[in-house]
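One structure is given below, encoded as structure tokens.
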Amino acid sequence: MPYSLIDIGIVRRNAHKSLPNRVVGTVRAVLKEIQDDREQEHELAVSVWAETCPEMSEQDIEMALLLKAADIVGRVKTNLERSDRIPPPSPS
């Protein structure tokens with residue numbers, strides 16, 4: 001069953017409480033699953049962090065958080081697609 005990322009965006013972000021050069025946040029990602037000609041959407045909340053430096057713009061920081069989330073979502077998609085290929089156990 002194919003899964004596709006249809007939306008991704010930062011829900012919140014803030015400076016880390018104790019690490020000075022780190023930003024933490026939550027990214028919302030929406031996956032669309034197509035199964036038997038039916039579509040279903042799955043909304044994920046992904047916690048992410050990124051190291052920052054004074055030279056980084058706000059857009060750079062947001063992009064770093066989005067890239068981390070996209071990497072995590074990519075791994076989730078891979079695992080979902082792999083598990084979909086495993087046949088269900090036969091009845092005993």
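What you see is a predicted model, and the numbers here were worked out from it, not measured in a lab.
Looking at every heavy atom in both residues, Trp49 comes nearest to Val24 through CB-CG1, 3.9 Å. The two residues Ala29 and Leu5 have their closest heavy-atom pair at CB-CD1, 4.0 Å. The two residues Thr26 and Ala45 make their nearest non-hydrogen contact at CG2-CB, 4.1 Å. A pairwise comparison of heavy atoms in Ile72 and Ser47 identifies CD1-O, 4.2 Å as the closest pair. Here the closest heavy-atom approach between residue Met56 and residue Ala64 is recorded as CE-CB, 4.5 Å. Smallest separation of non-hydrogen atoms from Val27 and Leu65: CG2-O, 4.1 Å.
A salt bridge is absent between Lys32 and Glu41: the closest approach of a Lys/Arg side-chain nitrogen to an acidic carboxylate oxygen does not fall below 4.0 angstrom.
Summarising the geometry, atom OG belonging to Ser57 is positioned 8.5 Å from atom CD belonging to Glu62; distances are rounded to the nearest 0.5 Å. Leu44 contributes atom CG, which lies 5.0 Å from atom CG of Leu31 (distance to the nearest 0.5 angstrom). If you take OH on Tyr3 and CD on Gln35, they are separated by 7.0 Å, rounding to the nearest 0.5 Å. Here Ile6 contributes atom CD1 and His42 contributes atom NE2; the two are 10.0 Å apart, rounded to the nearest 0.5 Å. Between atom CZ of residue Arg12 and atom CZ of residue Arg28 there is a gap of 15.5 Å, rounded to the nearest 0.5 Å. The distance from the CD atom of Glu51 to the CG atom of Leu19 is 7.0 Å, given to the nearest 0.5 Å.
Linking Ile, Leu, Val, Met, Phe, Trp and Tyr residues whenever their side-chain heavy atoms come within less than 4.5 Å places Ile8 and Val76 in a single cluster.
Side-chain atoms of Asn14 and Val23, non-hydrogen and from C-beta on, never get closer than 4.5 Å to each other.
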